[in-house]
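I have placed the structure first, in the form of structure tokens, so that the comments after it can refer back to it.
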Amino acid sequence: MSEKTTRIVDLFDTLSFTKRVVCVKGWVRTRRGNKNIVFIELNDGSTIFNIQIVADVTSLGEDFLKLITTGSCIAVNGLLVESQGSNQSIEIQADKIKIYGIADPTIYPLQKKSHSLSFLREIAHLRLRTNTFGSIFRIRHHLAYAIHKYFNKKGFFYFHTPIITSSNAEGAGSMFQVTTLDIANCSKIKDGEVDYSQDFFGCSTNLTVSGQLEGELGAMALSKIYTFGPIFRSENSNTSRHLAEFWMIEPEVAFYDINDNMDLAEDFLKYIIFYVVKNCKNDIEFLNKTYDNELISRLNFVLNKQFIRLTYTESVKILEQSNKNFEYPIYWGADLQFEHERYLVEEYFKCPIIIIDYPKVIKSFYMKQNDDGKTVKGMDILFPYIGEIIGGSERESDYQKLLDRMEELHMSTNSLWWYLDTRRFGTAPHSGFGLGFERLVLFVTGMQNVRDVIPFPRTPKNTKF
Ligand code: 4AD
Ligand code: MG
């Protein structure tokens with residue numbers, strides 16, 4: 001087995017097909033045959049397609065070939081030829097086979113051709129070896145690559161914001177604490193409050209809920225930055241769209257107003273979706289065929305439609321006039337729930353929408369205040385089946401207005417002194433947004449649950465793998 005290994009995807013490159021000796025390595029999907037000949041379907045994760053290995057029982061040995069069952073890992077040397085069979089274009093006539101690892105068929109859990117997604121979640125360490133999860137994680141990779149490619153092309157710098165932080169960007173109480181203290185036995189100050197001056201950082205710290213605030217500092221120097229990192233939120237929402245650990249992409253741009261921000265977000269989403277439609281054809285076709293036969297048309301639909309832009313006030317009017325019996329009542333000032341978002345996008349507009357000018361009471365402190373005194377320049381992008389995929393805003397760049405708003409919300413201005421400094425020294429209009437990466441992968445793969453688009457999901461009561 002000394003020859004160079006060829007990835008299975010490269011074997012299927014029909015332009016370079018020649019009859020030749022190759023070496024492939026991968027995991028067995030199925031084995032069938034008779035006493036003369038054995039057919040092995042082999043996959044190495046480089047493509048949705050398996051390569052068929054044809055093994056001659058007499059020359060390779062019956063007992064040896066019997067060890068090669070579903071899930072085992074092998075290397076094969078042999079001649080790549082055009083296939084005699086009608087199910088595949090090419091196959092390898094095995095000359096030598098080496099077994100790296102067997103997978104005892106009496107206990108290997110992936111025996112059936114198809115398993116339920118909920119069963120596969122229980123074996124997340126092995127589900128990666130199925131067609132479905134191979135496709136999903138190849139698409140996830142290509143989406144991440146397309147994101148970096150897009151921003152690089154547009155002159156953005158990839159800016160790394162901290163994961164451990166002592167600030168709370170979103171102002172909500174949904175953070176995971178980071179500490180080296182033994183909370184039960186550490187020294188306390190009055191009223192049993194933990195004395196964090198004894199902690200590793202000398203203060204209370206948490207995992208980040210957003211890279212935005214630090215991202216803004218980057219934009220106030222480099223003009224155009226983006227972050228792409230893990231986010232941690234301990235909100236106890238056990239829904240199909242929430243994770244406790246997820247990935248977010250947060251561009252932040254100096255001199256952009258809310259309209260520039262909307263243009264950027266729409267162009268960005270269309271670019272990355274187009275990129276994977278073009279570069280992940282086989283995987284998307286597989287998912288379309290297997291799970292969601294409207295997937296491809298939905299992706300093309302989003303690419304071809306201009307997103308509809310409207311204000312929060314307009315969307316509340318539409319919802320009020322819908323005569324729908326929503327579980328959560330709708331009125332001006334209410335936060336839009338998933339059912340409201342879905343009605344607007346899927347039933348009313350039948351198109352992705354961007355909602356702007358939200359009531360300030362339901363949005364974060366940093367959003368630019370409108371002259372009406374009631375609303376802020378926030379924007380959410382809503383997608384069919386996903387609801388909110390992007391949340392962002394133009395930022396409040398006026399020092400006094402920002403300070404007043406923080407005080408109004410009883411926020412600690414002391415700990416955010418560095419954030420406020422950007423408004424004291426060379427402040428500038430600027431805007432940005434956050435794209436939830438898993439929600440994007442959900443949309444592009446047609447899957448229904450975010451637990452199925454991240455390799456090892458973290459949700460309440462679940463860190464098994
Ligand atoms: O709307 P969010 O909370 O916005 C922010 O964090 C801003 N700081 C972004 C910015 O302006 N730079 O989150 C942004 C997106 C949401 O639209 C959603 O797609 C995703 O992040 N998201 C989640 N995805 C999975 N699980 C969760 N628990 C999520 N919470 C938010
Ligand atoms: Mg949001």
Side-chain angles (χ1 to χ4, degrees), residues 140 143 147 151 156 159 161 165 167-176 207-219 224-253 256 258 261-262 264-265 268-269 272 312 335-338 340-341 345 352-356 358-359 362-368 376-383 385-396 419 430-444 447 449-454 457-460 462:
R140 189 179 162 110
L143 280 170
I147 286 166
F151 284 126
F156 285 67
F159 189 69
T161 50
T165 168
S167 66
N168 179 352
E170 296 304 303
S174 57
M175 305 187 86
F176 287 101
L207 294 176
T208 185
V209 291
S210 161
Q212 179 195 322
L213 301 192
E214 295 88 351
E216 285 187 50
L217 310 184
K224 290 171 151 194
I225 64 95
Y226 70 104
T227 71
F228 189 162
I231 297 296
F232 308 87
R233 294 188 183 176
S234 64
E235 52 202 345
N236 206 356
S237 27
N238 230 330
T239 78
S240 57
R241 297 166 307 121
H242 288 87
L243 290 162
E245 177 181 300
F246 63 100
W247 290 70
M248 210 200 286
I249 298 97
E250 294 184 275
E252 192 68 39
V253 198
Y256 264 29
I258 187 73
N261 207 27
M262 287 192 277
L264 174 70
F268 168 60
L269 283 171
I272 52 186
Y312 167 89
D335 212 349
L336 299 187
Q337 302 295 327
F338 192 37
H340 305 134
E341 297 176 344
V345 176
I353 62 175
I354 313 182
I355 301 181
I356 56 165
Y358 281 85
I362 57 169
K363 289 291 180 191
S364 296
F365 73 97
Y366 51 68
M367 295 193 183
K368 186 175 172 65
V376 288
K377 291 192 190 296
M379 66 172 216
D380 279 0
I381 301 191
L382 313 183
F383 261 33
Y385 299 99
I386 306 293
E388 180 191 336
I389 195 163
I390 276 181
S393 72
E394 183 171 341
R395 318 306 187 189
E396 183 52 75
Y419 183 69
H430 62 288
S431 300
F433 59 82
L435 166 66
F437 191 50
E438 284 70 23
R439 297 211 183 154
L440 173 72
V441 186
L442 210 54
F443 182 71
V444 173
M447 289 288 111
N449 194 318
V450 270
R451 290 168 180 80
D452 296 331
V453 297
I454 187 164
R458 268 83 183 97
T459 49
N462 180 27

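Numbering of ligands and ligand atoms starts at 1, following listing order.
R439 NH1, 3.5 Å is the protein heavy atom nearest to atom 18 (C) of ligand 1. Nearest protein neighbour of atom 13 (O) of ligand 1, counting heavy atoms only, is M248 CE, 3.7 Å. At the top of the distance list for atom 11 (O) of ligand 1, counting protein heavy atoms only, stands R395 NH2, 2.9 Å. Atom 15 (C) of ligand 1 has G434 O, 3.6 Å as its closest protein atom, hydrogens excluded (heavy atom only). Of the protein's non-hydrogen atoms, the one nearest atom 19 (O) of ligand 1 is I389 O, 2.8 Å. Distance from atom 6 (O) of ligand 1 to its nearest protein heavy atom, with residue and atom name: R233 NH2, 2.8 Å. Distance from atom 23 (C) of ligand 1 to its nearest protein heavy atom, with residue and atom name: F246 CE1, 3.4 Å. Closest protein heavy atom to atom 26 (N) of ligand 1: L243 N, 2.9 Å.
Annotation for ligand 1: atoms under 4.0 Å from non-hydrogen atoms of R241 are 25 (C), 26 (N). Of all atoms in ligand 1, listed by their number and element, those nearer than 4.0 Å to a heavy atom of G392 are 11 (O).
In this structure the side chain of R233 never reaches within 4.5 angstrom of the side chain of E245, judged on heavy atoms. Counting heavy atoms from C-beta outward, V450 and F246 have side chains that stay 4.5 Å or more apart. With a 4.5 Å cut-off on side-chain heavy atoms, I249 and F433 do not count as touching. Contact annotation: the side chain of P230 never approaches that of M248 to less than 4.5 Å [non-hydrogen atoms, C-beta and beyond]. R140 is listed as a side-chain neighbour of E438, based on a closest heavy-atom distance under 4.5 Å.
Checked by distance only, ligand 1 and H242 stay at 3.5 Å or farther apart across all their nitrogen or oxygen atoms. The distance criterion of under 3.5 Å between nitrogen or oxygen atoms is met by E250 with respect to ligand 1.
Side-chain atoms of T239 and S237 form no donor-acceptor pair, as typed in the model, at a separation below 3.5 Å. Side-chain atoms of E216 and Q212 include a donor-acceptor pair closer than 3.5 Å. Side chains of E252 and Y226: no donor on one and acceptor on the other come within 3.5 Å. Between the side chains of E394 and H430, not a single donor N or O lies within less than 3.5 Å of an accepting N or O.
A donor-acceptor distance shorter than 3.5 angstrom exists from the side chain of S431 to the backbone of Y256, with no hydrogens or angles considered. Between the side chain of R439 and the main chain of E388, a donor-acceptor pair closer than 3.5 Å is present.
With 2.8 Å as the limit, E388 counts as an N, O or S neighbour of the Mg ion (ligand 2).
Remark: distances from the non-hydrogen atoms of E235 to ligand 1 include one below 4.0 Å. At least one heavy atom of Y366 sits closer than 4.0 Å to an atom of ligand 1. Residue contact annotation: M379 has no non-hydrogen atom under 4.0 Å from ligand 1. Not a single heavy atom of V450 sits less than 4.0 Å from an atom of ligand 1.
Among E216, M367, E245, E388, the residue whose heavy atom lies closest to atom 16 (C) of ligand 1 is E388. The heavy atom nearest to atom 4 (O) of ligand 1, out of those in S174, G391, S234, is found in G391.
Applying the salt bridge (Lys or Arg N to Asp or Glu O under 4.0 Å) rule to K363 yields the partners D380; only residues at least two apart in sequence or on another chain are considered.
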